[in-house]
Novice: 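Dropping a structure here in structure tokens format, bear with me for questions.
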2 protein chains.
Amino acid sequence: MLEAKLQEAGTLKKLLDSIKELVTDANFECNEEAIVLQAMDNSHVALVSVKFSAAAFKRYRCDRPMPLGVNLTSLNKVLRCAKDDDICTLKAADEADVLNLVYEAKNSDRIAKYDMKLMDIDADTLQIPDTEYDARVTLPSSEFTRIVRDLSQLGESVRIEVSKEGVRFASDGEAANGSVLLRQSDGALISGTTIRPKSDGKEGGEDGGDEAEGSSSAKKEKAKVKKEKGDEDVDMSHEKDDNEDEEEEEFKPVENDEEGEEEQENEEDEEEEDGGSKKRKKKANGTSKPAKKPKTAKSKGKATEEDESATDVIIEMNQHVCLTFSLKYLVNFSKSATLSNKVQLMMSNDVPLLVSYDFNQGYIRYYLAPKIGED
Amino acid sequence: MLEAKLQEAGTLKKLLDSIKELVTDANFECNEEAIVLQAMDNSHVALVSVKFSAAAFKRYRCDRPMPLGVNLTSLNKVLRCAKDDDICTLKAADEADVLNLVYEAKNSDRIAKYDMKLMDIDADTLQIPDTEYDARVTLPSSEFTRIVRDLSQLGESVRIEVSKEGVRFASDGEAANGSVLLRQSDGALISGTTIRPKSDGKEGGEDGGDEAEGSSSAKKEKAKVKKEKGDEDVDMSHEKDDNEDEEEEEFKPVENDEEGEEEQENEEDEEEEDGGSKKRKKKANGTSKPAKKPKTAKSKGKATEEDESATDVIIEMNQHVCLTFSLKYLVNFSKSATLSNKVQLMMSNDVPLLVSYDFNQGYIRYYLAPKIGED
DNA sequence: CACGTTGGGT
DNA sequence: ACCCAACGTG
């Protein structure tokens, strides 16, 4: 039995706006710790990973793991019936084939209930293909949106290059070539730290915990990218491996047979890999945030909103990286800017890019394999 | 070698927004004095003339005259990658086939570079078909925008009539007729002066100078309009003169073989023709600006921004004029309202209308032949 | 169903 | 001037 009470329905609405064009059906995997969605996009090139930790909810209860197969188009329709500031409660009985949604206006003068049919979806649980990166760029999400939107006017793909100089986005097109160099903010070039997605959307939060996809056994086998058929995106699917002539490469989706064995393991991972280089700057919280620019809180009204350094460009880099990606997908990813004012790009050469928007107690992450043969 | 540094990319962006629907390809003629663009619109009915004086730029250098053949659609794409307040530098090497654009964020933390391919464009240098008019109406550009937009909903064409009473815009349509009378502001009816476009966009500036299109020999041969095929616009092109059955009339494009003979001539014209009527109110700066409404400077930060009398309607008239024009084109012209808060309409009977938006050190001007047979 | 364009509001 | 929403088109 699931019951999850979200303070603001708007969060879920924005999330669906972000991914509804990328994914049409997906399982919301609910368990005691979190609600997780992992799915490949419709063209099987990108991978979307969403997580709402239990702590993201005002109230959360899930007795046993249950997958809720949801048609996102339907869910979107139902969510559009909620106002952004409605309190939204999701309920599903064990083995239920419907999801109940209750919207309560904040002043309680309105209560709406919706029942949405669930469906069975083949749960090809996808192995998230990476755990550690050579570079992380943290930048304002609006800046990222702007850059990929601009460059998408010129060409099909963008070359992202991270160096000590900063991060460069470059695209070549028929009529024009474009290149945007973003210099890191003062003092915001960091190297020697372990770069990996934080376990949770919580900024500077505790690092261990309920990570679902980090698998210690997968720690060093970063690249699952096949390098054939160069110069194209990589298909992260496995389903159509042999019978289609798509130009895309593919990830090897790995059966996630270690799920659940992982809790409280990340913190130890970092400790053991941290030797021999600069330690992270502040206390060991895994986020490596420099102490510069102690911005005045932006008075956004929401105490939970992380509001520091949102305008900074932070570059963490252990190695120069240069990768090429399809702009079409990045433009799609950038729609999640409504969910966070910052975005992180994590990259290693020849490894899928991780684009992560972290919010209060959760995140939305996108994985996109690089085009190869031109990076 | 060209290098032109513009303080605000927004100026160029607005310019391109203005003309991109009218012209698709054009040469930017760069020389020591200015950058000039002259082109006919795609249907060869209207003529666009743009000038940026060297002084319009923060830095300007052009060693030798060079035409830059630009596809405006491409340039528009590239310019959309600039923020309005970016500093924009245009560079082109001699004989280059690319134009380099550099956008610097004001705080310099972002530098974007774009290379746009240039193209060869037949430089049918167009003789701007007039130098002196019987009437000039200066009005707020927003007012002009509103009038032509309103009337365009009623009919295809507008009759513009300038008299001592004011200026009347009238359109007859299937469902309704409309007429807008604009009275000149107090004391803003001027007659007996020479009415011609100023040599430069600079308000109240020196009148002689680097005029490219003024030709003394053409001064009195105003009308080059052929009066056949009545009731239609006039094609300003010469290229398709004989082999097409367009309904439009045509200007005679004249080879501009007297370019440069004109300097410092306008001021003398004014002196000798100035007698016998109200003098212009302020000092003889050629703009005939009344002293009314000594507006408080609008604190726009730019000392060069002309900000007085923007709400006045000024009519200079030596002869009653009544002309009919296609509203479709006027609506298009009026998009340049973003570039200046004032617009000037210069008219003589049976001669193309000149619509001029003057800005700091440049202008954009449109020429449109009247429909004949109904004026 | 998605994208691009146009119009209206802040 | 900028951002958001709605409409129409591909």
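Given the structure is predicted, the values throughout are model-derived calculations rather than measurements. A, B, ... follow the sequence lines: proteins, then strands. Residue 1 opens every chain.
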Novice: Expressed as a whole number of angstroms, how long is the span from A:Glu21:CD to C:dA2:P?
Specialist: 5 Å
Novice: Taking ring pair (Phe, Tyr, Trp, His ring centres under 6.0 Å) as the test, write out the residues that go with A:Tyr366, two or more places apart.
Specialist: A:Phe333
Novice: Within the distance-only criterion (no hydrogens, no angle test), does the side chain of A:Asp41 pair as donor or acceptor with the backbone N or O of A:Ala46 below 3.5 angstrom?
Specialist: yes
Novice: Output the rounded distance in Å from CG (A:Leu16) to P (C:dC1).
Specialist: 14 Å
Novice: Please tell me which of the listed nucleotides, D:dC2, C:dC1, C:dC3, lies nearest to the side chain of A:Lys335?
Specialist: C:dC3
Novice: Decide whether A:Ser356 and A:Arg365 meet the rule of one side-chain donor and one side-chain acceptor closer than 3.5 Å.
Specialist: yes
Novice: Listing request: all salt bridge (charged side-chain N to carboxylate O under 4.0 Å, His left out) pairs with a residue in residues 16-25 of chain B, at least two apart in sequence or in separate chains.
Specialist: B:Asp17-B:Lys20, B:Glu21-B:Lys335
Novice: Is B:Lys83 near enough to D:dC2 that one of its side-chain N or O atoms lies under 4.0 angstrom from OP1 or OP2?
Specialist: no
Novice: Whole angstrom is fine here: how far is it from CD in B:Gln153 over to C1' in C:dT6?
Specialist: 13 Å
Novice: Under 4.0 Å, heavy atoms only, any strand: does A:Lys328 hit a base, just the sugar-phosphate, or nothing?
Specialist: nothing
Novice: Does one side chain, of B:Asn177 or B:Ser179, offer a donor that lies under 3.5 Å from an acceptor on the other?
Specialist: no
Novice: Are A:Phe28 and A:Phe52 close enough that their ring centers fall under 6.0 Å?
Specialist: no
Novice: Can you measure A:Asp17 atom CG to C:dA2 atom C1' for me and round it to whole angstrom units?
Specialist: 14 Å
Novice: Nearest whole Å is fine: how far is C:dC1 C1' from A:Leu72 CG?
Specialist: 14 Å
Novice: What does the B/S/- profile of nucleotides 4-10 of chain D look like, 5' to 3', with a 4.0 Å heavy-atom cutoff to protein?
Specialist: -------
Novice: Could you tell me how far apart A:Asn42 (CG) and C:dC1 (C1') are, to the nearest whole angstrom?
Specialist: 11 Å
Novice: B:Asp84 CG to D:dC3 P: how many Å, rounded?
Specialist: 10 Å
Novice: For the pair made of NZ in A:Lys20 and C1' in C:dA2, what is the distance, rounded to whole Å?
Specialist: 10 Å
Novice: For the side chain of B:Ser340 and the backbone of B:Asp358, is there at least one donor-acceptor N/O pair under 3.5 Å apart?
Specialist: yes
